[in-house]
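As structure tokens, the structure follows; a few thoughts come after it.
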Amino acid sequence: MQVGIDQIGLYTPNKYVDMVDLAHARNEDPNKYLIGIGQTQMSVADSTQDSVSMGINSARRYIDQIDKDKVGLLVLGTESSVDQSKSASLFVKTALQLKPEVRTFEVKEACFGLTAALMIARDYVRVHPEHTVIVIGSDIARYGVNTPGEVTQGAGSISMLIKTDPRILSLNDGHSAYSANINDFWRPNNSKTALVDGKYSTQVYLDFFTKPFNDYKKLKGWSTQDFGSLIYHLPFTKMGLKANRLSVEGQDETTSKRLEKSFAASKQLSKRIGNIYTAALYMSLLSLIENAQLEPNSLIGLFSYGSGAMAEFFSGNLVDGYEEVIDKSGDVRMLDRRKKLTIKEYENIFNKALMDPEDGVELVSDEENGNWYFAGTKNHVRQYKQK
Ligand code: COA
């Protein structure tokens, strides 16, 4: 039975910072950000966008095209949780008007969260082939104004429909996982911004890539040459570039060129949106299939990494006709419509969003009509509204 990704929806908030402006404000050479880090812009979430509203907005990209009655499970992965107890997915499920019989919950393991959701979904559909599953990754990457991690922030969500006979990517059996208790990146309960040992996180990311990738190739009896493309969790595009350099090391010219070209296609959305934690790998997938010329049935290798740390390598084959299911022009429009912020405006929005709004005060959104937003709390209950 073929199970995999049938729909992908992307959402990112309506404001961004240009990395050249940020570099000037921080007295850095712009090429450090543009080339050294590999980012050109980053999306900024104001106080009215959070993991719930962004998750709703990414699923809205395709929700009217699916049979909602078939959805049996909704899993949301996030590390920007809005509640210590109640799942963000319950708010999302209500906004999407899914039936009460849906099983729904939230999962967490840093940026691995959406992969965890995807694997749960794949196994669920194998047992319940008549059902479909919605999985969502939704996050705001916040390190803080004037910190080394500032240039690697971002905000957004990816939602995917998982089902039998998928129209985008058919997931292959088998995976290779690797985990260890380390401290490269984490966010304590009393902090709205993440703590990170940036240089160490780069080193462990590469170690955690090498082992599962090699294990996976052994498991399947495949070599690097067999992959049409390799895509990576992208906290910032330079990190993936370093992993891709390891992949092409010692390969023949055709393989190296193919993997370099496909990596270049896979980083286009990340360069403009920034880090969206759980959803970053799947934004690379979307970027790849929107921007690369891929062979029919092309084998795509996916490397998922969540700090702390948990890594997994798995693969899928592209399904013929995938171009008709994705909405590249809609994604381009969403990015082009964003408002460019001055650095002062960004700092004000960023610092305001670190504070919880006063209970009872209604927040007003400047989002596009149709999009959902966080409207503040009433008697400490979170309110979500549609613009
Ligand atoms: N032109 C081109 N490249 C330049 C440059 C210039 N003028 N100036 C610096 N660079 C390069 C550096 O050589 C370096 O490249 P390298 O990584 O290939 O060595 C890169 O830009 C970054 O410079 P560095 O001095 O290391 O930056 P930094 O100390 O400000 O920190 C991070 C960069 C990435 C470590 C920091 O932004 C961070 O911690 N981000 C969060 C990391 C993260 O997301 N971790 C979780 C992973 S899942």
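Atoms within a ligand are numbered from 1 in the order they appear, just like the ligands themselves.
- Only one option out of Lys339, Lys387, Lys15 pairs with Asp366 in a salt bridge (charged side-chain N to carboxylate O under 4.0 Å, His left out); it is Lys15.
- The cationic group of Lys86 lies under 6.0 Å from the six-membered ring centre of Phe91 and within 45° of the ring axis, placing it in a cation-pi geometry.
- Under a 4.0 Å criterion applied to the non-hydrogen atoms of Pro235, ligand 1 contributes the atoms 44 (O), 47 (C), 48 (S).
- Nearest protein heavy-atom neighbour of atom 21 (O) of ligand 1: Gly36 CA, 3.1 Å.
- Of the heavy atoms in Lys238, only side-chain atoms (C-beta onward) come closer than 4.0 Å to ligand 1.
- Using cut-offs of 30° and 60° for the angle between ring planes, the Tyr216 and Phe313 rings count as tilted.
- Taking a distance limit of 4.0 Å, we find that atom 12 (C) of ligand 1 is approached by no protein heavy atom.
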Per-pair distances, 0.1 Å, donor-acceptor, side chain in residues 259-266, under 3.5 Å, sequence neighbours excluded:
{"residue": "Ser262", "atom": "OG", "partner": "Arg258", "partner atom": "O", "Å": "3.1"}
{"residue": "Ser262", "atom": "OG", "partner": "Leu259", "partner atom": "O", "Å": "3.3"}
{"residue": "Ser266", "atom": "OG", "partner": "Phe263", "partner atom": "O", "Å": "2.8"}

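- Near Tyr305, with a cut-off below 4.0 Å to any heavy atom, the atoms of ligand 1 are 48 (S).
- Checked by atom type, the side-chain pair Ser43/Thr12 shows a donor-acceptor distance below 3.5 Å.
- In this structure, the side chains of Tyr322 and Ile289 come closer than 4.5 Å at one or more pairs of heavy atoms.
- Using a 4.0 Å cut-off to heavy atoms of Pro148, the atoms of ligand 1 that qualify are 36 (C), 37 (O).
- The closest non-hydrogen atom to atom 30 (O) of ligand 1, taken over Met239, Arg245, Lys32, Gln153, comes from Lys32.
- Considering Thr202, Thr152, Asp197 only, the shortest heavy-atom separation from atom 41 (C) of ligand 1 involves Thr152.
- Scanning the protein for heavy atoms near atom 39 (O) of ligand 1, the closest one is Gly198 CA, 3.2 Å.
- The closest heavy-atom contact to atom 38 (C) of ligand 1, among the options Gly149, Gly308, Ala280, Ser201, comes from Gly149.
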**Message:** The test is side-chain hydrogen bond (donor to acceptor under 3.5 Å, both in side chains); show your working for Tyr62 and Ser159 and say whether it passes.
**Reply:** CA-CA 9 Å; Tyr62 60 77; Ser159 166; 2.5 Å; yes
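- Of all the atoms in ligand 1, the ones that sit under 4.0 Å from a non-hydrogen atom of Asn31 are 1 (N), 2 (C), 3 (N), 6 (C).
- For Lys99, the NZ atom counts as densely surrounded, since its 6.0 Å shell holds more than 12 non-hydrogen atoms of other residues, nucleotides or ligands.
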**Verdict with reasoning, Trp186 to Val196, per side chain to side chain contact (heavy atoms under 4.5 Å, CB included)** = CA-CA 7 Å; Trp186 65 103; Val196 63; over 6 Å; no
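- The closest approach between any non-hydrogen atom of Lys242 and ligand 1 is below 4.0 Å.
- Figure legend: Arg382 and Phe374 shown as a cation-pi pair, the cationic atom lying under 6.0 angstrom from the six-membered ring centre and within 45 degrees of its axis.
- For ligand 1, the atoms sitting less than 4.0 Å from at least one non-hydrogen atom of Ser307 are 48 (S), numbered in the order shown with element in parentheses.
- Against a heavy-atom cut-off of under 4.0 Å, Lys199 is close to the following atoms of ligand 1: 26 (O), 29 (O).
- Tyr305 and Asp184 share a side-chain donor-acceptor pair at under 3.5 Å.
- Of the protein's non-hydrogen atoms, the one nearest atom 32 (C) of ligand 1 is Ile37 CD1, 4.5 Å.
- Here the protein heavy atom with the shortest distance to atom 44 (O) of ligand 1 is Tyr143 OH, 3.2 Å.
- Regarding atom 7 (N) of ligand 1, its nearest protein heavy-atom neighbour is Asp29 OD2, 2.9 Å.
- Residue-level proximity to ligand 1 for Phe236 is carried by the side chain, the only part with a heavy atom below 4.0 angstrom.
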